[in-house]
Amino acid sequence: MDVMGNMRRTHYCAEVGTEQVGETIVVAGSIAKSRDLGGVVFADLRDTTGILQLAFGDATDAGVFEKAAGLKAEYVVMAAGTLQKRESVNPTLPTGQVELFVTDLRVLSAAETPPFEVRDDIKVKDELRLRYRYLDLRREELHRAITLRSRVAGVVRAYYLAQRFVEIETPMLIKSTPEGARDYLVPSRVQPGRFYALPQSPQLYKQILMLSGFDKYFQIARCFRDEDLRADRQPEFTQIDMEMAFADEQDVRTVNEGLVKAVFEEVLGVELQTPFPCMTYTEAMERYGSDKPDTRFGMELCDVSTVVSGCGFGVFAGAVAAGGSVRLLNAKGLAEKLSRKEIDRLTETAKTYGAKGLAYLRLAPDAETSSYEKFLSEEEKAALRAAAGAEAGDVLLVVADKDAVVFAALGALRLEIAKKQGMIPEDRYDFLWVTDFPLFEYDEDAGRYMAKHHPFTMPKEEDLDKVESDPGACRAKAYDMVVNGIELGGGSIRINDPALQARMFRALGFSEERARENFGFLMDAYQYGAPPHGGMAFGFDRMVALLVGKESIRDVIAFPKVQNAGELMTGCPDLVEEKQLEELQIASTASAEVPEASEAQG
RNA sequence: GGCCCGGUAGUUCAGUUGGUUAGAACGCUAGCCUGUCACGCUAGAGGCCGUGGGUUCAAGUCCCAUCCGGGUCGCCA
């Protein structure tokens with residue numbers, strides 16, 4: 001069916017203006033909106049660039065006018081005509097000075113009334129948007145985000161290529177390794193009973209590439225983790241992954257500051273100051289209660305452990321005695337904003353992070369109330385107030401517990417209060433590096449130390465001798481790039497000494513056999529000469545979300561998954577045919593116990 | 001796995017202490033309208049109140065279970 005005939009697009013909708021007035025042009029797209037005024041018809045034509053108004057009136061051929069009067073939302077059309085100045089300008093539209101006086105109109109495809117209007121200024125439930133994602137993607141905001149994502153990828157490629165990085169694809173079907181996130185598994189048909197994993201990241205391959213002599217590698221890589229979703233976490237996501245040889249921490253940071261600077265400049269026109277400030281992990285935790293601090297506002301944590309260590313309040317003194325700490329936030333001048341009810345709410349937040357409670361002192365003008373001062377002597381009260389810098393109008397929020405709980409709770413409260421009270425300046429990008437991460441993290445469930453970053457991370461030189469004797473005190477040559485409280489990316493210098501790598505595996509509780517079984521190929525590879533190297537990976541989805549000002553990465557992914565890791569448009573994951581399972585030699589679950597396959601949207 | 005929020009016309013929502021015929025706006029349909037752009041005016045259609053049980057004379061409303069979506073803790077080397 002040759003509906004277009006010999007008609008071909010000459011211009012995109014939003015790429016015409018007063019300069020083209022008088023020209024005969026052809027545009028193509030979907031009808032966003034039509035306004036039939038009787039003797040004259042207007043229709044907004046939308047294509048990937050934006051909107052152009054089509055006009056039909058007295059001078060329009062009767063046949064064309066009839067077609068125009070029948071236009072409905074989402075009809076796909078081609079329109080030829082003469083671009084003309086409008087009688088009345090629409091200042092809200094980029095093409096609002098002009099319109100196309102249509103002389104030939106072809107309806108290429110009719111359309112059913114969509115389940116929701118294809119406009120930005122309308123609220124629609126996520127579920128519906130995702131079920132009809134192709135309609136959602138027509139809406140300008142999402143359409144632009146996806147287009148911008150492509151531009152960012154272009155800038156990234158151009159930047160790394162200019163710096164002599166080589167783009168290399170690594171396999172998607174790989175060996176499953178323990179440690180870290182749960183793998184997505186793919187059964188092998190050819191080798192029954194065996195499984196591939198989908199990569200959580202190209203980590204091992206990029207390290208191998210460094211000792212394959214490629215010097216500098218990058219890839220915009222899809223990664224998979226079979227873990228629960230969040231607003232900023234999808235089971236499949238995209239990383240900007242890079243690695244470089246003969247580099248130390250500073251080299252990696254400098255290259256990637258340059259990358260981020262280039263992206264912000266070319267995509268947003270925002271100039272970032274480099275180098276970014278650095279802050280150690282310890283400092284970040286002590287000051288902000290977070291390893292990804294939002295430094296756009298203050299309200300830093302205050303450690304009052306020494307002040308209350310011997311005090312009369314058992315909760316405080318006990319926490320310190322047990323090796324924990326007592327820290328607080330001083331919500332300056334917020335006594336009137338933070339009512340008792342509000343403090344109760346904050347207490348609930350603190351509890352979700354494991355705190356047993358939230359002690360407070362509220363210095364409101366009418367009355368000073370406190371949940372803990374009654375347990376303290378006058379001197380202790382005064383000392384604590386002084387340590388916190390408490391003044392009239394302030395609220396102190398105190399958590400006493402293990403450090404990890406104290407930091408998590410106060411870090412979360414700090415953000416919650418700041419958000420609610422509007423203390424966070426928008427339109428600002430506070431970048432920083434968080435450095436010197438712990439090398440290990442004690443896992444209570446596993447009863448052993450686990451790698452905080454991954455087991456190939458180089459320890460700091462000064463902590464090398466503590467890998468076995470005091471793992472908890474070891475710091476790593478690892479760094480995260482943080483902006484506005486978002487972890488944008490992270491990386492490390494890798495171990496390139498097989499002997500040190502073996503020590504790491506031992507410290508992590510790997511037996512010789514287990515280490516060989518899982519990482520033998522890597523340990524072998526490092527026997528044949530490995531340059532010092534390091535790298536990092538950015539969360540590409542998070543980066544794009546940051547650039548378009550979205551909280552959820554779903555808003556920058558064309559076809560995202562929902563909380564149960566399904567995809568609503570196609571209805572996956574879904575059951576498969578018995579025959580497929582037989583080929584893979586996978587026992588089928590009794591079909592009676594399995595729910596009906598969900599119907600894909602047709 | 002835990003906790004919180006939501007599910008009522010196509011859409012977004014309202015719906016009182018359980019009480020007669022479940023409303024609004026937008027969209028949709030029909031008619032009118034020659035400069036609109038959130039066009040306007042008139043009329044109209046449109047409801048398994050997520051689903052299944054229960055309580056009650058009576059359930060959109062209360063209880064239990066379950067499904068779906070969102071947020072979050074755990075989890076995410």
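So you know, we letter chains A, B, ... as the sequences are listed, proteins then strands, and number each from 1. Here the structure is a predicted model, which means the values were calculated and not measured.
Across all strands, A:Val118 comes closer than 4.0 Å to no nucleic acid atom at all (heavy-atom distances). Among the heavy atoms of the strands lying under 4.0 Å from A:Leu128 are primed sugar atoms or P, OP1, OP2 only; no base atom is included. Residue contacts shown for A:Glu99 include a base, since a base heavy atom lies under 4.0 Å away. Among the protein residues, A:Lys72 comes within range of the sugar-phosphate backbone only, with heavy atoms under 4.0 Å from sugar or phosphate atoms but none that close to a base. Using a 4.0 Å heavy-atom distance criterion, A:Asn90 is classed as a base contact. Nucleic acid contact class of A:Asp36 (heavy atoms, under 4.0 Å, all strands): base. Nucleic acid contact class of A:Ala231 (heavy atoms, under 4.0 Å, all strands): sugar-phosphate only. As judged by a 4.0 angstrom heavy-atom cut-off over every strand, A:Pro115 is placed among residues touching the sugar-phosphate backbone only. Counting any heavy atom pair closer than 4.0 Å across all strands shown, A:Arg182 reaches no nucleic acid atom.
Counting distance only, with no hydrogens placed and no angle test, the side-chain atoms of A:Arg554 and the base atoms of B:G70 include no donor-acceptor pair under 3.5 Å. If you check distances only, the side chain of A:Gln53 does reach the base of B:U36 with a donor-acceptor pair under 3.5 Å. Remark: the A:Arg225 side chain and the B:C76 base include no donor-acceptor N/O pair separated by less than 3.5 Å. Side chain A:Arg119 to base B:C26: no donor-acceptor pair is found below 3.5 Å. For A:Asp228 and B:G74, a side-chain-to-base donor-acceptor distance below 3.5 Å is present, hydrogens and geometry of angles not being considered.
Considering only heavy atoms from C-beta on, A:Val76 stays 4.5 Å or farther from A:Val107 through its side chain. Side chains of A:Tyr526 and A:Gln207 form a contact here, defined as non-hydrogen atoms less than 4.5 Å apart.
When the C1' atom of B:U11 is taken as reference, atom OH of A:Tyr132 falls 12 Å away, rounded to whole Å. Separating the CZ atom of A:Arg139 from the P atom of B:U11 is a distance of 14 Å, rounded to the nearest angstrom. Separating the CG atom of A:Asp443 from the C1' atom of B:C76 is a distance of 13 Å, rounded to the nearest angstrom.
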Return all side-chain donor-acceptor pairs below 3.5 angstrom for residues 480-491 of chain A, not counting sequence neighbours, or 'none' if the list is empty.
unit_1, atom_1, unit_2, atom_2, d
A:Asn484, OD1, A:Asp430, N, 2.8
A:Asn484, ND2, A:Arg428, O, 2.8

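Of the two residues near RNA chain B, A:Ala73 and A:Ser34, the one whose nearest nucleotide lies more 5' is A:Ala73. Checking A:Gly180 against A:Gly39, the closest nucleotide of RNA chain B that is more toward the 5' end is the one next to A:Gly39.
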Heavy-atom protein contacts under 4.0 Å, nucleotides 2-9 of chain B, coded B base, S sugar-phosphate only, - none: ------S-

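For A:Thr570 and A:Glu567, the side-chain atoms include at least one donor-acceptor pair closer than 3.5 Å.
In this structure, the aromatic ring of A:Phe116 is not positioned over the six-membered ring of the base of B:U11 within 5.5 Å between centres and 30° between planes.
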